[in-house]
Amino acid sequence: SFDFFFCVWTGTVDELHQYFILNIYFHDTIKFTMDHSSNKINFLDVLITKTGTKLSTSVYVKPTDTHQYLHATSCHRSIYKTSIPYGQAVRLKLICSNETDLQEKLKGLETWLLERGYRSERVRPEIQRVNNVERNSLLIKKPKRIDDNLTLVLTFHPALCKVFEIIKTAHRHVLKSDLLSKVLPKPPRVAYQNAKSLKDKLVRSKLYLEDREHMKRGNFPCGNKLCH
C-alpha cells in the first residue's frame, strides 16, 4: 500500500535531508521517497505554489492525462452522467484557491466534456450552479447519513429504468402483511452494477497458473462448440 503526506518544512534543506535519512532506516519493510521544492510542488492532484509567505493551490494535471471522462453515450444510468459536470466542477472549486485560475479550469472542463459528447445546455448550468456556491460552504465536511435500508443490486440495463416504481407499487402489498411489514417496512433502494463490457469478456484479470505444469502445449482445438 502507499501513503502520502504533505508538510511545510521550516528548517534548512540540509536538516530536511537528515530527517529523510532517519526515516529511511526507521523500518526495514517501509520505503520512503521524498520530493521537495522551495516554490512549487504537486501533491496528488493539487499543485501548491508559494508566493512570499502565502500558499496557493490549483489543479495538477499529468502531461499524459487525456481527460477521458465517461462518454455521454455510454451505457450507464443517466443520473451518473448528469452528475459528472457538477461533481467535477465542485472538485475544481475545492482545489483552486484563485478565482481567475478557477474560471480558466472550468472553461477547460466544459471543453473536455463537450468533446466527450455532453451537450452544452447540460454542462453550463451545472458549472454556473457551482459558481453560485460559496467555496467555504463546500469545504465544510457534511455528516454521513446512517441508513439501514436494504439494497437491491441489479446489473444495469437501459430497459430497467422503472424498477423502483415497480418496487414501490409492489411494496404496498408487503405492508398488508403483519409479518412482512416488520421485515421490510420500507421499499429497498435500488443500486446498479455495471454490465460486463467487451473488454471484461475478452481480457482476464487473473492468470490461472495452478495447473501450468500439466497444460498441453502448442496449437490445438479448444473443443468449445462456440469456436466451431
> Quick one: NZ on K105 to CG on L92, what's the gap to the nearest 0.5 Å?
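Here the interatomic distance stands at 8.5 Å.
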> Could you report the tightest heavy-atom contact between F164 and P188, atom names first, then the distance?
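Taking F164 first and P188 second, the nearest heavy atoms are CE1-O, 3.6 Å.
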> Is K182 salt-bridged to D178, going by a charged N under 4.0 Å from an acidic O?
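Judged by the 4.0 Å cut-off on N to carboxylate O distance, K182 and D178 do not form a salt bridge.
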> With a 4.5 Å heavy-atom cut-off, do H36 and W9 have their side chains touching?
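H36 vs W9: side chains apart.
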> May I ask you to test the L94-R91 pair for a side-chain heavy-atom distance under 4.5 Å?
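Of all side-chain heavy-atom pairs linking R91 with L94, none is under 4.5 Å.
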> Given P187, which partner from the list I167, T169, V174 fulfils the side chain to side chain contact (heavy atoms under 4.5 Å, CB included) test?
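Going through I167, T169, V174 one by one, the side chain to side chain contact (heavy atoms under 4.5 Å, CB included) with P187 is satisfied by I167 alone.
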> Is H67 close to Y69 at the side-chain level, that is, under 4.5 Å between some pair of heavy atoms?
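Heavy-atom side-chain distance check passes, below 4.5 Å.
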> Do the side chain of K81 and the main chain of S74 share a donor and acceptor less than 3.5 angstrom apart?
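Indeed, once roles are kept as given, a pair shorter than 3.5 Å links the two residues.
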> Any side-chain heavy atom of I95 sitting closer than 4.5 Å to one from Y60?
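No. Closest side-chain heavy atoms not under 4.5 Å.
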> Less than 4.5 Å apart, side chain to side chain, heavy atoms only: is that true for T51 and T49?
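The answer is yes; the side chains approach within 4.5 Å.
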> Strictly by modelled atom types, are Q18 and D14 linked by a side-chain donor-acceptor pair under 3.5 Å?
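No, no side-chain donor-acceptor pair sits under 3.5 Å.
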> Just by distance, do the side chain of E115 and the backbone of L113 share a donor-acceptor pair under 3.5 Å?
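No, because the side chain of E115 does not come within donor-acceptor range (under 3.5 Å) of the backbone of L113.
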> Centre of Y192's six-membered ring, under 6.0 Å away, within 45 degrees of the axis: is that where NZ or CZ of R77 sits?
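No, R77 and Y192 do not form such a contact.
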> Heavy atoms, side chains only, cut-off 4.5 Å: are L202 and L198 in contact?
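Of all side-chain heavy-atom pairs linking L198 with L202, at least one is under 4.5 Å.
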> Would K107 and E110 count as a salt bridge (Lys or Arg N to Asp or Glu O under 4.0 Å) here? Give the steps.
CA-CA 5 Å; K107 288 181 181 179; E110 181 180 353; over 6 Å; no
> Say you draw a straight line from CZ of R124 to CD of Q128; how long is it, rounded to the nearest 0.5 Å?
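Those atoms lie 11.5 Å apart.
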> Indicate yes or no: at least one non-hydrogen side-chain atom of L70 is less than 4.5 angstrom from one of R116.
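Of all side-chain heavy-atom pairs linking R116 with L70, none is under 4.5 Å.
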> Is any side-chain N of the basic residue among E165 and K162 closer than 4.0 Å to the acidic one's carboxylate O?
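A salt bridge is absent here (no side-chain N lies under 4.0 Å from a carboxylate O).
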